[in-house]
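Every number for a ligand or one of its atoms is a count from 1 in the order of the listing. Positions are given from 1, in the same order as the sequence printed here.
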Amino acid sequence: MPKINFVDAQGTSREVETKNGTSIMEAAVQNMIPGIDADCGGACACATCHVYVAEGWTEKLKAKDDMEDSMLDFAEDVQDNSRLSCQILMNDELDGITVSTPESQ
Ligand code: FES
């Protein structure tokens with residue numbers, strides 16, 4: 001089962017294990033990771049699951065589609081490595097991925 005390392009805005013890390021096919025947002029909610037609100041429940045319609053993907057992992061992810069890209073316009077402090085965590089589904093290749101949660105959603 002692939003692992004995800006969540007780092008909050010204060011630098012605290014929490015590692016969770018999840019199943020393949022589970023989104024990073026779902027894994028966060030199931031494990032009560034702070035900093036991910038996920039108001040729309042994963043429909044790519046709220047941008048409150050915004051995360052920053054750590055260096056070295058962005059190129060392993062499926063590219064953003066137009067909907068994710070336009071929804072990210074509603075997130076705060078968007079950077080080049082910003083993604084919506086509900087749009088990233090875990091698989092063995094992503095085992096060990098690190099994502100940081102923003103100061104606020
Ligand atoms: Fe709403 Fe990801 S949970 S956009």
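- Inter-residue side-chain proximity for Ser82 and Leu72 is flagged as met; some heavy-atom pair is nearer than 4.5 Å.
- Taken to the nearest 0.5 Å, the SG atom of Cys46 stands 8.0 Å off from the CE atom of Met71.
- Criterion: ILVMFWY side-chain heavy atoms under 4.5 Å apart, direct or through other members. Under it, Met90 and Val51 are part of a common hydrophobic cluster.
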Practice problem: Any chance you could lay out the side-chain contact (heavy atoms from CB on, under 4.5 Å) test for Met25 and His50, step after step, and finish with the verdict? | Solution: CA-CA 9 Å; Met25 175 281 280; His50 174 210; over 6 Å; no

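- Taking a cut-off of 2.8 Å, the protein N, O or S atoms nearer than that to atom 2 (Fe) of ligand 1 are Cys49 SG, Cys86 SG.
- Trp57 CH2 to Glu93 CD: the interatomic distance, rounded to the nearest 0.5 Å, is 9.0 Å.
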Self-check item: Worked check of side-chain contact (heavy atoms from CB on, under 4.5 Å) between Leu94 and Ile88
Solution: CA-CA 10 Å; Leu94 298 181; Ile88 304 173; 4.0 Å; yes

